[in-house]
Amino acid sequence: KSTNNLLFPFAAPQPDVATTRWSNIPADIRNKGVEFSLNYQILAGKKLDWDISVNTTFLKNEVARLDVATIQTGNLFGQGLSGAFIQPITQGYPLYGFFLNDFKGY
């Protein structure tokens, strides 16, 4: 499935009444996936029914087209990290992916 003009939450510039603002992303997102479900009735009686269900889902999305260079999301907070973003929306990558530096040690 392909989705465009996805509604996405962004951090609102402060000071503001709301901390989040919603806006459409000028992008085309491609979603692919499969879902499996297995149900089994173990016991069916007059006073007791016992069913077991297992469900698993495998999903993959990708930003196929983005009309701007990068959209910064995923604010990171902490000592020395104010204003850092770790989940940019970038063409060719999935939504909600983390972009972090490799830890080189102390």
Side-chain angles (χ1 to χ4, degrees):
K1 179 179 180 180
S2 184
T3 305
N4 56 15
N5 290 327
L6 183 69
L7 193 59
F8 203 80
F10 293 96
Q14 296 300 316
D16 195 349
V17 177
T19 58
T20 303
R21 67 178 170 87
W22 291 85
S23 184
N24 290 85
I25 299 175
D28 187 24
I29 313 296
R30 292 204 182 120
N31 299 293
K32 298 177 184 176
V34 65
E35 180 176 358
F36 295 105
S37 180
L38 181 64
N39 302 313
Y40 184 71
Q41 187 175 36
I42 297 172
L43 181 64
K46 291 184 178 183
K47 293 188 176 187
L48 177 67
D49 287 335
W50 188 10
D51 298 329
I52 188 166
S53 298
V54 176
N55 185 318
T56 186
T57 304
F58 301 96
L59 299 175
K60 183 179 179 182
N61 65 47
E62 179 185 349
V63 179
R65 179 188 53 82
L66 186 61
D67 292 343
V68 293
T70 298
I71 299 173
Q72 297 292 346
T73 65
N75 297 348
L76 183 63
F77 298 101
Q79 188 174 11
L81 298 172
S82 298
F85 296 99
I86 57 172
Q87 289 183 305
I89 299 171
T90 306
Q91 185 169 325
Y93 290 93
L95 290 175
Y96 305 109
F98 288 91
F99 290 75
L100 303 169
N101 293 328
D102 291 330
F103 180 69
K104 307 271 193 243
Y106 293 105

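With sequence neighbours left out, the ring pair (Phe, Tyr, Trp, His ring centres under 6.0 Å) criterion links Y96 to F8. By the side chain to side chain donor-acceptor pair (under 3.5 Å) test, D51 is found to be paired with no residue, residues two or more places apart in sequence or in another chain being considered.
Residues N55 and E35 approach most closely at ND2-OE2, 3.1 Å, considering heavy atoms. Between P26 and N5 the shortest heavy-atom distance is CA-OD1, 4.5 Å. The minimum heavy-atom distance between S2 and D28, with the atom names listed, is OG-OD1, 2.6 Å. Minimum interatomic distance between T90 and T70 (heavy atoms only, all atoms of both residues): OG1-CG2, 3.7 Å.
Between V63 and I25, the closest side-chain pair of non-hydrogen atoms is not below 4.5 Å. No side-chain heavy atom of V68 sits under 4.5 Å from any side-chain heavy atom of I89.
With rounding to the nearest 0.5 angstrom, the CG atom of L95 is 9.5 Å from the CD atom of Q87. Of the inter-residue distances, the one linking W50 atom CH2 with L43 atom CG reads 8.0 Å to the nearest 0.5 angstrom.
Under the salt bridge (Lys or Arg N to Asp or Glu O under 4.0 Å) criterion, the residue pairs touching residues 54-68 are R65-D67, with sequence neighbours excluded.
Between the side chains of Q41 and D49, no donor N or O sits under 3.5 Å from an acceptor N or O.
Taking a 6.0 Å sphere around OH of Y106, one finds it holds 12 or fewer heavy atoms contributed by other residues, nucleotides or ligands.
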